[in-house]
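All residue numbers in this chain count up from 1 along the given sequence. The figures here come from the full heavy-atom set of this structure, side chains too, leaving out hydrogens, waters and symmetry mates. Order of appearance sets the numbers: ligands from 1, and atoms from 1 within every ligand.
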Amino acid sequence: MTQRDSILISGGTVVDPSQGMHARRDVLIEEGRIAAVAEHIATERARRTIDASGLFVCPGFIDLHCHLREPGGSASETIASGSAAAAAGGFTTVFCMPNTNPVCDSPVVVKYILVRSREAASIRVIPVAAVTRDQKGEQLADLGALKAAGAGAFSDDGRPVSNAMVMRRALTYAHMLDMPVFDHAEDLSLTADGVMHEGNISLRLGLKGIPRSSEATIVARDCALSYETGGRLHICHVSNRDSVAAIRHWKARGAPVTAEVSPHHLTLTDEAVCAGEGYRTDAKMKPPLCSEDDRKSLIEALEDGTLDCIATDHAPHSPPSKDALFQDAPFGIIGFESAFAVLYTGFVALGRWTLDFLIDKLTKAPADVLGAEWGTLGTGSPADVTLLKLGEEFVFDLSRVRSLSRNSPWIGKPCSGRVVATLAEGRPVFTDHGAFPAGLFVARSMSKAGA
Ligand SMILES: [Zn+2]
């Protein structure tokens, strides 16, 4: 790690759920770490200053679930473009799923992603390695070697681990390695050729439905396996009320289970499939958007702690591939750049959540799933910092998208809270030039003017 500038973030309101802090504070960064958070820090102590008055200052967001498509999918995303998109969304740590080409099921691919991230990524990228070889669901990958190479978790995301005994063994080994398994819970025999949630809307549109049980039965199965083996299970992208009920049951019994929910499942329903002209492929994802009743139960589950954190499942698909018939389009939407804006606008601005609650679910809560040191502005922590501007209306448009893909259902939507700057280990990695027209740093009359 090279020595970096000292930076003072001055005059902002610090919101740091890890310390229960919501107060007007200055933040001093030295050599990429938080050196001090205090009511007043003299500007002379830092080489450069960011004027954060009127802004909110919080720990960099952590995303436990994204797809960066490298190696093998550079038409949709790369580690460079995906990490830039994440930085624009306020994320400073992201976990990228292994369904690349080749699959991240060997130490070589784990190391490739880590090396490429060091070269090309502006933020911390942690590879999630496959549970099974080539994600085929048959033979376990060499989990010990994958952990040693730098994998942060195991998952066959994109596909389920269909064989229960294979999942049981995976949880047993993961337990010995003290690593979590990230679970894409889906019964492919129930999904069959379904393309959206099975309900009134799929019936009306004549599209094949995916029943709730496709997810909920595997959630229940894997929670039982987690309980039995002691292996830590993290359920990905929980989408419906029946999965919530299973998680609630097994957590109450003491199973070492955590779970995430996505911004789209919290804010949209299957009605989004037919909002506007034609069927919208940017409302097609797995698991599918479900009913309003499901959406409400996800919100309540996040509020009561049944669901632990928010993760985007940023899943880029190149514009030509999504520009297809609904039945033929791939599953997935991008989510980094829109996540905070959509959640702030949908929940905090409307008075349902406090800002502190939302920040917690994007910082401390995902860090707690892993027991990681990120997601805090505590002294000595890596200086991952996100600056927010709240209450000013703007339109979430393509100018905000850094991803190589465009598959977002929120393009053109009015929002009222946004990320305006992101620092990763003290390095500025994103600046909203509308909020900082003269640059991120305050110009000084002295020779050491900011750049
Ligand atoms: Zn998945």
Side-chain angles (χ1 to χ4, degrees), residues 63-69 73 76-77 82 94-101 103-105 126-132 134-137 141 151-162 166-167 170 180-192 194-197 210-223 233-240 242-244 246-247 257-266 268 282-290 294 298 307-317 322 329-336 339 366 369 405 407:
D63 193 352
L64 298 183
H65 194 140
C66 74
H67 300 268
L68 299 183
R69 305 294 189 216
S76 298
E77 199 76 286
V94 302
F95 282 66
C96 60
M97 290 298 180
N99 57 340
T100 47
N101 186 13
V103 166
C104 183
D105 65 352
I126 315 271
V128 177
V131 173
T132 63
D134 208 25
Q135 293 192 264
K136 285 211 164 79
F154 305 122
S155 181
D156 272 359
D157 185 62
R159 297 181 54 79
V161 178
S162 295
V166 172
M167 185 54 129
V181 173
F182 288 5
D183 191 11
H184 172 111
E186 179 183 16
D187 184 322
L188 294 174
S189 71
L190 289 169
T191 296
V195 293
M196 68 175 292
H197 172 62
I210 302 173
R212 290 184 184 89
S213 55
S214 173
E215 176 181 80
T217 55
I218 302 300
V219 167
R221 181 198 80 175
D222 291 349
C223 286
L233 183 75
H234 176 73
I235 315 270
C236 296
H237 42 53
V238 176
S239 70
N240 73 63
D242 298 339
S243 302
V244 165
I247 294 166
V257 171
T258 54
E260 71 193 27
V261 61
S262 73
H264 45 278
H265 290 111
L266 287 169
L268 300 172
D282 59 15
K284 180 180 178 182
M285 69 285 288
K286 266 189 184 177
L289 299 169
C290 295
D294 293 293
L298 295 172
L307 302 178
D308 295 82
C309 66
I310 296 168
T312 68
D313 193 8
H314 178 85
H317 291 287
K322 270 286 196 183
F331 294 92
I333 61 168
I334 57 171
F336 284 145
V369 166
S405 296
N407 48 319

- Query: Okay, side chain of Glu186, backbone of Arg159: is any donor-acceptor separation there less than 3.5 Å?
  - Reply: no
- Query: Any luck finding a side-chain donor-acceptor pair between Thr258 and His234 under 3.5 Å?
  - Reply: yes
Side chain to side chain donor-acceptor pair (under 3.5 Å) with Glu260: of His65, His265, His237, only one passes, and it is His65
task: For residues Arg212 and Thr217, determine if any side-chain heavy atom of one lies less than 4.5 Å from a side-chain heavy atom of the other.
output: no
Interatomic distance, CG@Leu64 vs SG@Cys309, rounded to 0.5 Å, equals 4.5 Å
Any protein N, O or S atom under 2.8 Å from the Zn ion (ligand 1)? Found Asp157 OD1, His184 ND1, His237 NE2
(Q) Whether the side chain of Asp134 engages the backbone of Lys136 through a donor-acceptor N/O pair (distance < 3.5 Å, no angle test) should be reported. (A) no
